[in-house]
Amino acid sequence: MVDELPDMGEVDPGEAAEDEFDESYDPDSDAPAADEDDAAGPPGPVNWNLLTADAAEEEWLALNEWVHWLRHTYGLPVAVVPPFWHRHPALVWELSALHIHWLCAIHPEAKGSAMLVWHRDFTEAQERLRHWTAACGTRLTTDRPTRRIAWPGEPDTDPIEDIVIPNREEDFVEYMHADVEARRRAEDQFIAGLVLSTGEVS
């Protein structure tokens, strides 16, 4: 359905220009689709805290492939997207959000200005990525855990040391598998707890 065009004589030109650059997306639009199976809207945000083991593995692989495309396409330096971004939650969350934003921007039902909006937000995101990369201390061939400050009453944090990682892709696969297995164990423990409390086995 096409929205009724406003009377430009009653609309402020600045507001009209801003409306044309509207970055919002209405997934409930009743525009006709060729196939009901292809009518799904753009993806929603990814909450890494709640992903199942299988969903996490799928997201890890998709994000890793996209980050490679991103750094090659835009010639990003290590200071913005370091090789070991997967080891640092702040970088994972930011890159994941950029990935979903990009998928929404290239969705067939997105507005024509969607990629301009993505590039604007991508420019801002690079500053955050640069800040977090510097804060966590990860580099081209070495990495270390992100430094955490112990607040009064909390136990002291362990000493932080740089480690040399000779093969980035092998490290990513190993890290991903460890994360997936940890989630799977948590799922198994949750199910086991339900069985003990209810006595039912599905």
Side-chain angles (χ1 to χ4, degrees), residues 27 37-72 76 78 80-107 122 125 128-129 131-133 135-151 154-202:
D37 294 337
D38 297 332
V46 175
N47 187 344
W48 288 84
N49 293 333
L50 301 180
L51 291 178
T52 64
D54 291 339
E57 183 173 15
E58 182 177 341
E59 290 296 336
W60 275 122
L61 293 173
L63 183 58
N64 186 56
E65 181 179 1
W66 184 78
V67 170
H68 278 310
W69 171 85
L70 184 73
R71 71 184 183 90
H72 289 147
L76 300 176
V78 173
V80 174
V81 178
F84 309 113
W85 57 264
H86 55 277
R87 288 173 162 263
H88 301 277
L91 299 177
V92 172
W93 282 95
E94 182 73 26
L95 290 168
S96 179
L98 273 175
H99 180 213
I100 296 299
H101 191 1
W102 181 80
L103 290 174
C104 292
I106 65 171
H107 191 273
F122 176 43
R128 293 192 297 271
L129 288 166
H131 169 74
W132 287 321
T133 298
C136 68
T138 186
R139 294 180 173 83
L140 179 61
T141 59
T142 62
D143 188 69
R144 66 187 183 195
T146 300
R147 188 180 304 278
R148 292 178 174 83
I149 305 300
W151 286 3
E154 294 181 346
D156 293 335
T157 57
D158 296 329
I160 294 178
E161 297 181 359
D162 291 338
I163 58 173
V164 177
I165 303 177
N167 190 307
R168 188 270 166 190
E169 289 305 304
E170 290 181 359
D171 183 75
F172 171 80
V173 171
E174 182 179 345
Y175 189 93
M176 178 190 69
H177 284 165
D179 176 71
V180 170
E181 288 307 311
R183 293 173 189 269
R184 203 177 306 282
R185 287 194 300 271
E187 293 170 9
D188 292 342
Q189 291 173 2
F190 177 76
I191 295 174
L194 289 179
V195 172
L196 289 175
S197 62
T198 63
E200 298 181 358
V201 179
S202 58

Open item on the list: If you define the side chain from C-beta out and look only at heavy atoms, does anything of Trp132 sit under 4.5 Å from Thr138?
Closed with: no

- [ ] Kindly state whether the ring of Trp69 and the ring of Trp102 have centres lying under 6.0 angstrom apart.
- [x] yes

Open item on the list: Could you report the tightest heavy-atom contact between Pro43 and Ile100, atom names first, then the distance?
Closed with: O-CG2, 3.8 Å

Open item on the list: Any heavy-atom pair between the side chains of Trp85 and Phe172 that's under 4.5 Å?
Closed with: yes

TODO: Report the distance from atom NE2 of His101 to atom CG of Leu95, rounding to the nearest 0.5 Å.
DONE: 13.5 Å

Open item on the list: Whether the side chain of Glu59 engages the backbone of Val46 through a donor-acceptor N/O pair (distance < 3.5 Å, no angle test) should be reported.
Closed with: no

Task: Enclosure of Glu161 CD (heavy-atom neighbours >12, cutoff 6.0 Å) - done: no

Task: Leu129 side chain reached by Leu98 side chain, heavy atoms, under 4.5 Å - done: yes

TODO: Looking only at non-hydrogen atoms, find the nearest pair between Val92 and Leu63 and report the distance.
DONE: O-CD2, 4.2 Å

- [ ] Compare all side-chain heavy atoms of Glu169 with those of Asn64 and state whether any distance is below 4.5 angstrom.
- [x] yes

Task: Tyr175 and His86 aromatic ring geometry - parallel, tilted or perpendicular at 30°/60° bounds - done: perpendicular

Task: Non-hydrogen side-chain atoms of Pro83 and Val78 separated by less than 4.5 Å - done: yes

Task: Smallest separation among heavy atoms of His68 and Arg168, with atom names - done: NE2-NH1, 3.5 Å

Task: Interatomic distance, Asp162 atom CG to Asp143 atom CG [nearest 0.5 angstrom] - done: 8.0 Å

- [ ] Please check if atom CD in Glu174 has more than 12 non-hydrogen atoms from other residues, nucleotides or ligands closer than 6.0 Å.
- [x] no

Open item on the list: Quick check: do Phe122 and Leu70 have side-chain heavy atoms less than 4.5 Å from each other?
Closed with: yes

Task: Side chain to side chain, Leu140 and Phe84, heavy atoms closer than 4.5 Å - done: no

TODO: Output the distance between atom CD1 (Ile165) and atom OG1 (Thr141), rounded to the nearest 0.5 Å.
DONE: 9.0 Å

Open item on the list: I'd like to know if the side chain of Arg183 reaches the main chain of Leu51, judged simply by a donor and an acceptor atom lying under 3.5 Å from each other, with no hydrogens or angles considered.
Closed with: yes

- [ ] Return the minimal non-hydrogen interatomic distance between Asp171 and Arg87, and the atom names on each side.
- [x] OD1-NH2, 2.7 Å

TODO: Nearest 0.5 Å please: distance from the CZ atom of Arg148 over to the SG atom of Cys136.
DONE: 10.5 Å

- [ ] Would you check if Leu91 and Thr133 make a side-chain contact, meaning some heavy-atom pair closer than 4.5 Å?
- [x] yes

Open item on the list: Less than 6.0 angstrom separating the ring centers of Trp60 and Trp48, yes or no?
Closed with: yes

Open item on the list: Do Glu94 and His88 pair up side chain to side chain, a donor and an acceptor below 3.5 Å, judged on atom types alone?
Closed with: no

